[in-house]
Amino acid sequence: MAGHPARKELIFMKVFQIGAAGSVGRRLAGLLSERGDEVTGMHRSPAQADTIRATGATPVTGDLIADSVEELTGKLAGHDAVVFSAGAHGTGMDKTTLIDGKGLEKAADAAAAAGVTRFVLVSVFPDALRGGEAVRVSSTTSRSRRAPTCTWRAPISTG
């Protein structure tokens, strides 16, 4: 219409959140749900389902260690974006590697296989028992699709 300022249309997304029951995950799921996004929150323990539900998200059980890429792909299918906010929370280097390393790789591969083109990583990765070394994880499940890529750099010393 002439004379009317341009209106911004809000775009709502279907977001799959890995680690939705954690401190950051709960807050983010609530914010996304409040703004109108449809959030699916993955959790390991049945006791975490109510925590996720309270944010407005739909809980789904999953396990980054036990689930295969194919199982994760099925969970991610139909979503517009994946947010990875899972972490090992100081449970030791073996769990840190399985969740923050191998689990992240599986999630990125599953996102690519499911056709999800937006992949957001929320992490304290340089502080996760890795001594500040730079790490690169790249999904390679499909060369015909653009695969999600995550890059971390060593932290800059502030002291």
Side-chain angles (χ1 to χ4, degrees), residues 11 13-33 37-49 51-53 55 57-157:
I11 299 173
M13 299 175 56
K14 284 186 72 173
V15 178
F16 191 93
Q17 190 175 0
I18 300 170
S23 298
V24 171
R26 282 193 315 269
R27 289 180 181 99
L28 181 59
L31 290 170
L32 292 172
S33 295
D37 292 313
E38 185 180 327
V39 181
T40 304
M42 190 170 98
H43 61 91
R44 284 182 305 239
S45 166
Q48 295 171 317
T51 299
I52 293 170
R53 200 173 286 110
T55 69
T58 302
V60 63
T61 304
D63 188 320
L64 284 172
I65 297 171
D67 287 355
S68 67
V69 171
E70 292 75 20
E71 289 170 312
L72 287 171
T73 299
K75 292 172 183 164
L76 302 180
H79 288 82
D80 301 307
V82 173
V83 175
F84 188 102
S85 62
H89 307 290
T91 56
M93 191 60 175
D94 58 334
K95 291 280 190 192
T96 299
T97 299
L98 289 172
I99 295 171
D100 297 343
K102 300 291 184 192
L104 176 58
E105 290 173 9
K106 280 201 258 184
D109 287 346
V116 180
T117 58
R118 294 173 184 94
F119 192 101
V120 179
L121 172 66
V122 179
S123 180
V124 294
F125 211 89
D127 294 330
L129 303 175
R130 287 187 168 61
E133 64 188 69
V135 177
R136 181 174 174 85
V137 176
S138 178
S139 175
T140 57
T141 55
S142 174
R143 295 180 194 274
S144 64
R145 286 185 218 163
R146 184 178 170 164
T149 301
C150 304
T151 304
W152 299 269
R153 301 262 184 241
I156 298 171
S157 175

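Positions are given from 1, in the same order as the sequence printed here.
Across every non-hydrogen atom of Leu76 and Val116, the tightest pair is O-CG2, 3.8 Å. Across every non-hydrogen atom of Thr73 and Ala110, the tightest pair is OG1-CA, 3.3 Å. Across every non-hydrogen atom of Ala81 and Met13, the tightest pair is CB-CE, 3.4 Å. Closest heavy-atom contact between Arg53 and Pro59: NH2-CG, 3.4 Å. For the pair Asp67 and Gly62, the tightest heavy-atom approach, listed with the atom from each and the gap, is OD2-CA, 3.5 Å. Here the shortest heavy-atom pairing between Ala111 and Val82 reads CB-CG2, 4.2 Å.
Of the possible polar contacts, none joining the Lys14 side chain to the Thr40 backbone as a donor-acceptor pair under 3.5 Å is found. Remark: side-chain polar atoms of Thr55 are paired, donor with acceptor, to backbone N or O of Ile52 under 3.5 angstrom. Although no hydrogens or angles enter the test, the distance criterion places a donor-acceptor pair under 3.5 Å between the side chain of Gln17 and the main chain of Gly25. Counting only distance, with no hydrogens or angles, the side chain of Ser85 and the backbone of Ile18 share a donor-acceptor pair below 3.5 Å.
Note that OG of Ser33 is 9.0 Å distant from CG of Leu28, once rounded to the nearest 0.5 Å. Atom OG1 in Thr58 sits 6.5 Å away from atom CD in Glu38 (nearest 0.5 Å). Atom CZ of residue Arg118 and atom NE2 of residue His79 lie 13.5 Å apart, to the nearest 0.5 angstrom.
Annotation: side chain of Leu64 is in contact with side chain of Leu72 (closest heavy-atom distance under 4.5 Å). Counting heavy atoms from C-beta on, the side chains of Leu104 and Phe119 come closer than 4.5 Å.
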